[in-house]
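Working notes, structure below.
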Amino acid sequence: MKEKIVIYQIFTRLYGNANVSRQENGSIGENGCGKLNDFTPTVLKQLSAMGVSHVWYTGVIRHATQTDYTAYGIPRNHPAIVKGKAGSPYAITDYYDVDPDLAVDVEKRMQEFEQLVERSHKAGLKVVIDFVPNHVARQYHSLCKPAGVKDLGEGDNPQNGFDPQNNFYYCPGQQFAPYFDLYQGETEPYAEEPAKATGNDCFHNAPGKNDWYETVKLNYGVDYYAGGVGYFDPIPSTWQKMLDILLFWAAKGIDAFRCDMAEMVPAAFWGWATSQVKKKFKHIQFIGEVYNPAQYRNYIANGFDYLYDKVGMYDTVRDIICSQRSTHDITGAWQQTDDIRDHMLYFLENHDEQRIASDFFAGDAAKAVPAMAVLALLQQNPLMVYAGQEYGERGMDKEGFSGCDGRTTIFDYWSVDTLVRAAQKKLTAAEKTLKAAYDRLLAIARTEKAVSEGVMFDLMYANPQLQRQYAFLRKKGRETLLVVANFEGHAVDAPVVVPQHAFDFLKLRQRAAVETIDLLTGTPVTLSLKADAPIALKVPAYSALVLKF
């Protein structure tokens with residue numbers, strides 16, 4: 001049986017942290033930090049039992065931080081170019097090292113990661129880690145690179161703003177001169193001359209506060225100073241160095257790379273690199289953060305197994321949850337990517353997006369249940385859940401560098417309220433109810449052949465009366481699911497018409513009385529299944545019917 005992929009994203013340094021001090025801008029000593037060893041066999045088995053197939057351990061690779069690890073031979077980062085006390089996991093300082101924050105024994109941090117991979121696999125879980133190809137921390141310097149590997153920037157000619165064999169872009173003759181104070185409490189300012197281009201394609205020496213000023217852009221042979229001309233023959237130095245990094249982590253036993261801002265790196269590199277990796281590690285998959293729908297097929301053709309469906313499905317479903325669009329727009333969203341549907345990764349939360357329960361999104365995590373029913377059951381493609389989403393985490397903390405913005409911080413030392421209370425078995429009744437709904441939906445997605453292998457028939461064209469409900473069929477062999485999701489905050493009578501074309505396409509038999517069972521509740525439901533005749537259904541508030549017959 002083909003399995004439905006369910007990715008559970010974990011912001012690793014937050015997940016196991018039980019320290020509830022939660023001091024704004026707190027240090028690691030004040031606020032604590034989760035560890036790789038917090039993922040015990042028991043914890044991992046619980047994730048597997050929840051229906052998770054892959055765990056994305058976010059923030060594993062060593063990145064810039066304001067915490068001092070010089071006692072372990074790790075250079076300090078200047079605080080002027082670190083966002084938050086903990087720092088961003090997307091400002092990598094050594095691609096060949098593990099974040100020391102995550103280790104119980106800092107000197108054995110790589111060994112602790114290798115043991116986590118082994119434990120995850122024993123629990124039946126596949127391991128996803130970040131690959132951050134577009135940019136690195138301003139003070140990038142690898143201490144742990146294997147013998148014979150040249151560091152990024154080693155061999156660059158910084159007198160050339162662009163050179164196909166440089167790893168960075170430079171501003172010759174100019175000092176780094178951003179908007180902020182370069183001292184940040186230090187006796188010496190941060191100095192960089194010539195200034196390097198900033199990660200978000202800021203090709204001058206003075207990035208602003210909304211730029212990714214803590215990072216520098218990597219050069220894949222594209223001359224942005226001349227309008228984006230590519231020089232890919234001979235192979236640029238950066239290509240080979242990044243391939244070495246991919247192969248290094250693949251050899252650690254990981255199963256997939258989540259590739260940060262993949263579309264900011266030329267597709268030609270991905271085609272070359274993914275083919276090289278898959279020659280040696282056939283099982284490795286690549287998940288791309290790509291936001292331009294016009295480029296989806298290009299990046300899939302160049303080796304990506306899965307791409308974020310953010311601009312289409314996520315944006316559509318978010319608007320429906322917030323009562324800003326009709327459920328009929330879901331049909332348009334999936335039709336836009338129907339030819340590549342198995343490659344699209346659906347989600348409602350991740351570290352970049354606002355929490356559903358936050359005041360900035362829906363204000364109530366229960367409103368996500370019908371959306372999750374649609375995203376989990378509509379197609380065969382992968383689904384992603386962000387740790388805490390299943391409990392209704394609100395993300396309304398003001399943690400430090402990350403202000404109160406409806407997101408869980410990626411910059412600060414913190415602990416996540418719902419995750420702490422879940423581990424202590426102190427969830428509220430509403431949180432337990434929400435978790436049970438997620439568990440049931442993920443179980444259906446993972447175990448029902450009609451979902452993981454079956455075909456889908458969208459019923460919305462035959463049901464124009466449904467504006468806050470969404471209905472579709474899934475079928476494999478003799479098993480059929482009728483799914484009706486209700487985005488309203490009250491129970492509704494939702495007569496659903498199954499057109500004659502659905503009976504013909506799915507080879508369904510018309511019957512006066514069909515015994516079904518609602519897989520979400522276990523309740524038996526008798527239906528009259530006749531072409532073009534409405535089926536009388538009552539759908540609970542912020543929920544769904546998943547009727548199997």
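Remember, it's a predicted structure, so these values are computed and weren't measured experimentally.
You'll find the ring centres of F269 and Y220 inside the 6.0 Å limit.
A salt bridge is defined here as a Lys NZ or Arg NE, NH1 or NH2 lying under 4.0 Å from an Asp or Glu carboxylate O, and E186 with R76 meets this definition. Salt bridge absent: R109 and D99 never bring a charged side-chain N and a carboxylate O closer than 4.0 Å. Under the 4.0 Å criterion applied to side-chain N and carboxylate O atoms, D156 and K196 are not assigned as salt-bridge partners. Ionic pairing of D97 and R62 is present here: one or more N-O contacts between side-chain nitrogen and carboxylate oxygen are shorter than 4.0 angstrom. By the 4.0 Å N-to-carboxylate-O rule, K122 lies close enough to E118 to be salt-bridged with it.
For CZ of F180, the number of neighbouring non-hydrogen atoms (other residues, nucleotides, ligands) closer than 6.0 Å is greater than 12. A 6.0 Å sphere centred on NZ of K150 holds no more than 12 heavy atoms belonging to other residues, nucleotides or ligands. Around the NZ atom of K45, the shell of radius 6.0 Å holds no more than 12 heavy atoms that belong to other residues, nucleotides or ligands. Residue Q424 qualifies as enclosed at atom CD: its count of foreign heavy atoms under 6.0 Å is above 12.
A cation-pi arrangement, defined by a distance under 6.0 Å to the six-membered ring centre and an angle within 45 degrees of its axis, is absent between R138 and Y190. A cation-pi contact, defined as under 6.0 Å to the ring centre and within 45° of the axis, links R318 to F361.
Contact of the V127 side chain with the H121 side chain is registered, since non-hydrogen atoms from C-beta on lie closer than 4.5 Å. Residues Y96 and M110 fail the side-chain proximity criterion, which asks for heavy atoms closer than 4.5 Å. Contact check for F176 versus I81: side-chain heavy atoms found under the 4.5 Å cut-off.
Note: Y314 and F347 have parallel aromatic rings, judged against thresholds of 30 and 60 degrees for the angle between ring planes.
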Quiz item: salt bridge (Lys or Arg N to Asp or Glu O under 4.0 Å) between K209 and D211: does it pass, once the steps are laid out?
Solution: CA-CA 6 Å; K209 65 180 180 179; D211 288 314; over 6 Å; no
Quiz prompt | Residues M242, Y95; criterion side-chain contact (heavy atoms from CB on, under 4.5 Å); working and verdict | solution = CA-CA 9 Å; M242 300 310 277; Y95 276 117; 3.4 Å; yes
Practice problem: Under the side-chain contact (heavy atoms from CB on, under 4.5 Å) rule, what do Q285 and D255 come out as? Steps first, then yes or no, please. | Solution: CA-CA 6 Å; Q285 294 179 315; D255 301 284; over 6 Å; no
Quiz prompt | Derivation of the salt bridge (Lys or Arg N to Asp or Glu O under 4.0 Å) call for K35 and E112 | solution = CA-CA 9 Å; K35 305 296 180 183; E112 289 185 18; over 6 Å; no
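Y386 and T408 share no side-chain donor-acceptor pair at under 3.5 Å. N167 and T238 form a side-chain donor-acceptor contact under 3.5 Å, judged by distance and modelled atom types alone. A donor-acceptor contact under 3.5 angstrom links the side chains of R258 and Y308, judged on distance only. The closest side-chain donor-acceptor pair between H78 and Q184, if any, does not fall under 3.5 angstrom. A donor-acceptor pair shorter than 3.5 Å can be found between the side chains of D101 and Y69. For the residue pair D130 and Y90, a side-chain donor N or O sits within less than 3.5 Å of a side-chain acceptor on the partner.
Checking side-chain atoms of E30 against main-chain N and O of S27 turns up a donor-acceptor pair under 3.5 Å.
Shown are L125, V385, L44, I10; of these, the side chain to side chain contact (heavy atoms under 4.5 Å, CB included) with V52 is made only by L125.
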